[in-house]
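Quick note: numbers below take in every heavy atom, side chains included, and nothing from hydrogens, waters or symmetry partners. Here, residue 1 is the first one in the sequence, and each next residue gets the next number.
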Amino acid sequence: MTDFSVRVDQNKYLPAGSQEVHGIITVEASGPVDRAPVAEAAEVIIVDTSGSMAYGKITDARKAAQAAIDTLRDGVYFAVISGDHQAEVVFPPNGQLAPATPQSRQAAKDAVAQLRADGGTAMGRWLRRAADLFSAHQMSHPGAIRHAILLTDGKNEHEPAPEFDANLAYCAGKFVCDCRGVGTDWVVAEVRRIGSTLLGSVMDVRRPEELEADFRAMTEAAMGKTVADVALRVWTPRAATLNFVKQVSPTLEDLTGRRTEVDALTGDYPTGSWGGETREYHVSVRVPAGNVGQEMRAGLVKLVVPDTGEVLAGGNILAQWSDDPVQSTRINPRVAHYTGQQELASLIQEGLQARNEGDLDTATARLGRARGIAQQAGNEETAKLLDKVIDVDPETGTARLKRVVDKADEIALDTRSVRTVRMRKDPEN
């Protein structure tokens, strides 16, 4: 039901002696719009029920989980985990995934209505329990799309760091997890690590009453996925070096260290499950310098199903050396755009860290530079978030840190720093 296409944007012309080749890989997945997806799916809803969720948040968390349950289509296998310093499967009662029916949905919502806030926070244990549920289900449903939602409001204080690391490693590749942090007491870097490892999104939810709509939207998106597991397969020539593979849209994610070797020249990079959507990747290759006029294939990118090797789409990354400066010095607009987006995210995260450490000069320089890049790239959301942290003189362009910053605004800026914007219109190839 899903058709994939791959487009490579680059300037293949290199000046004499140059060795760096860059390409932006646009992957588009599309399918029929006149019928609902029929892919098998499994969903686990993980709700933080630690003591910090009291004082109203647990009430909204219950409503959000119930909204997600209502959004599941018939036949989707699901479970609900209550997470504190341990992980408890509160539905189904037998501790396994159950198919969604009117009766099972109601039973699950009844179980959710009994959730209470008490205890500590150990997110790795919650995730490991979800992974075990998915693994057991996969034995009888190997092609199912596996997705989880994780909600937290606090720090991972009741799980030693080595255990958390081991739990995350255990879960990698078993399911995709979208994470949500509510309030202002959670640690963005901590939750971002979960989302990054499990190829899911991370977003802040400023007010608990916004959770219900957000959970419904996440579940709807999960129900729209039609392909469970897709990899970006990259081949490079024997004398070449692959510098990096990064997702650059809709969010930034460095996949370089996630390589699975296929052979000496080829590696797979995970992209998770897909529905009707477009994502973009930045691939950089270092090749031996060629002579003027020489052309070579610097890389071959394919979209594949890892288990079967089925090729869904592909495209070439090329290099040709030229002594024409008009050809060889032109930077491809898409490469330039996403290079700037990556710099923007780094500047924001470095600036916020410097601010929290009291290094105000570094914070001002980084965040001021970020504001300029955001404006130039048309990233209006990020520019507005930066305006809540810094003031910029409209005449001189000088940036100054605000003395008082709402913690929720800081979290929003940090969380959304990895969200990119696509170019306003596609440039010519």
Which residues share a ring-ring contact (aromatic ring centres under 6.0 Å, His included) with [X], sequence neighbours left out:
X: F134; answer: F175
X: W186; answer: none
X: Y269; answer: none
X: H22; answer: H282

Is the backbone N or O of [Y] less than 3.5 Å from a side-chain atom of [X], with the two atoms forming a donor-acceptor pair by type?
X: R279; Y: I25; result: no
X: T271; Y: V230; result: yes
X: H158; Y: T121; result: yes
X: R128; Y: A87; result: no
X: T420; Y: P250; result: yes
X: D48; Y: D153; result: yes
X: Q341; Y: V421; result: yes
X: Q103; Y: T101; result: no
X: E350; Y: R366; result: no
X: Q10; Y: L318; result: yes

(request) Answer yes if the side chains of S201 and R180 hold a donor-acceptor pair under 3.5 Å, and no otherwise. (result)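 Yes - a donor-acceptor pair under 3.5 Å links their side chains.
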(request) Would you check if there is a donor-acceptor pair between the side chains of T260 and D268 at a distance under 3.5 Å? (result)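 On atom types as modelled, these side chains do not qualify, holding no pair under 3.5 Å.
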(message) Looking at K57, I want to see if its NZ is surrounded by more than 12 non-hydrogen atoms of other residues, nucleotides or ligands under 6.0 Å.
(response)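 Count over threshold, so yes.
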(message) Please check if the number of heavy atoms outside F244 that lie under 6.0 Å from its CZ is greater than 12.
(response)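 Counting neighbours around CZ of F244, more than 12 heavy atoms of other residues, nucleotides or ligands fall under 6.0 Å, so yes.
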(message) Test side chain to side chain contact (heavy atoms under 4.5 Å, CB included) on Q138 and K174; report intermediate values, then the result.
(response) CA-CA 9 Å; Q138 187 180 17; K174 291 184 171 67; over 6 Å; no
(message) Under the rule for side-chain contact (heavy atoms from CB on, under 4.5 Å), what residues qualify as partners of D110, not counting sequence neighbours?
(response)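 Testing D110 for side-chain contact (heavy atoms from CB on, under 4.5 Å), a comparison that skips the adjacent residues, returns Q106.
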Report yes if the side chains of [X] and [Y] come closer than 4.5 Å at any heavy-atom pair, otherwise no.
X: P237; Y: M296; answer: yes
X: V44; Y: L97; answer: yes
X: V335; Y: D9; answer: no
X: D414; Y: R192; answer: yes
X: M53; Y: L115; answer: no
X: L347; Y: E343; answer: yes
X: L199; Y: R258; answer: yes
X: K225; Y: V176; answer: no

Strictly below 4.0 Å, N to O, side chains only: are [X] and [Y] in salt-bridge contact?
X: K109; Y: D70; answer: yes
X: E380; Y: K384; answer: no
X: R206; Y: D409; answer: yes
X: D185; Y: K155; answer: no
X: R7; Y: E28; answer: no
X: R371; Y: D387; answer: yes

Tell me, please, which residues at least two apart from [X] pass salt bridge (charged side-chain N to carboxylate O under 4.0 Å, His left out).
X: D84; value: none
X: R116; value: none
X: E157; value: none

List in chain and number order the residues that pass side-chain hydrogen bond (donor to acceptor under 3.5 Å, both in side chains) with [X], two or more places apart in sequence or in another chain; answer none if no residue qualifies.
X: Y338; result: E280
X: S196; result: E253
X: Y170; result: D132
X: R416; result: D204, E381

(message) So, taking the atom named OG1 in T415 and the one named CD1 in I348, what distance separates them when rounded to the nearest 0.5 Å?
(response)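 Rounded to the nearest 0.5 Å, the OG1-CD1 separation comes to 11.0 Å.
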(message) I need the single residue from V234, V27, V248 that forms a side-chain contact (heavy atoms from CB on, under 4.5 Å) with Y281. Which is it?
(response)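 Single side-chain contact (heavy atoms from CB on, under 4.5 Å) partner of Y281 among V234, V27, V248: V27.
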(request) Taking all heavy atoms of A131 and all of C171, pick out the closest pair and write down the distance. (result)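 In this case the closest contact between A131 and C171 is CB-SG, 3.8 Å.
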